[in-house]
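These notes concern the structure reproduced below.
Since the structure is predicted, the reported quantities are computational estimates derived from the model, not experimental observations.
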Amino acid sequence: VSQSRYRVVERIENSGPTCFYPQQRKFFLWVNFWELEFFPKPIKFFSLEEATTFIQKQIKKPKDKIHYVN
């Protein structure tokens with residue numbers, strides 16, 4: 001049975017709000033999407049709809065192309 005490669009995890013933060021973390025499956029592990037800033041942090045949303053929209057955009061975006069130069 002094939003499972004989806006994407007999911008949204010709902011967590012209640014220590015400070016009180018409910019947050020939604022979009023994740024993707026890499027091999028056998030589920031990993032968060034990350035904001036690449038000075039201090040990387042997982043991407044989170046405060047509504048399920050926003051997290052789902054983010055995943056849909058990730059699915060539709062073109063894959064990175066890698067060019068090797070000798």
Side-chain angles (χ1 to χ4, degrees):
V1 176
S2 176
Q3 292 182 338
S4 176
R5 290 188 48 211
Y6 300 93
R7 71 179 186 180
V8 177
V9 175
E10 179 178 341
R11 292 188 188 132
I12 298 175
E13 301 289 313
N14 290 339
S15 58
T18 301
C19 295
F20 298 88
Y21 292 84
Q23 296 182 334
Q24 71 179 38
R25 189 173 57 197
K26 299 247 182 178
F27 302 105
F28 297 106
L29 301 173
W30 288 98
V31 294
N32 289 328
F33 288 92
W34 289 83
E35 291 182 26
L36 300 177
E37 297 178 353
F38 187 67
F39 294 107
K41 61 183 177 180
I43 294 175
K44 67 180 176 182
F45 296 94
F46 295 101
S47 78
L48 179 59
E49 292 79 23
E50 289 176 352
T52 304
T53 301
F54 173 82
I55 287 177
Q56 293 301 322
K57 287 180 182 177
Q58 292 300 310
I59 292 169
K60 292 178 183 176
K61 86 175 190 178
K63 304 295 181 217
D64 293 338
K65 293 181 181 180
I66 300 173
H67 303 276
Y68 293 97
V69 179
N70 292 331

Hydrophobic cluster membership, Ile43 vs Ile59, 4.5 Å side-chain cutoff: yes
Separation of Gln58 CD from Phe33 CZ (nearest 0.5 Å): 5.0 Å
CD-CZ distance between Glu49 and Phe54, expressed to the nearest 0.5 angstrom: 16.0 Å
By side-chain contact (heavy atoms from CB on, under 4.5 Å) - contacts of [X] (at least two apart):
{"X": "Thr53", "result": "Lys57"}
{"X": "Pro17", "result": "Glu13, Ser15, Phe46"}
{"X": "Glu10", "result": "Thr18, Phe20"}

Heavy-atom closest contact (Phe45 atom, Pro22 atom, distance): CE1-CG, 3.8 Å
Closest non-hydrogen atom pair, Gln24 against Tyr6: OE1-CE2, 3.5 Å
Test side-chain hydrogen bond (donor to acceptor under 3.5 Å, both in side chains) applied to Glu37 - qualifying residues, sequence neighbours left out: none
Residue list, side-chain hydrogen bond (donor to acceptor under 3.5 Å, both in side chains) with Arg7, at least two apart or on another chain: Gln23
Results of ring-ring contact (aromatic ring centres under 6.0 Å, His included) for Tyr21 - residues two or more places apart only: none
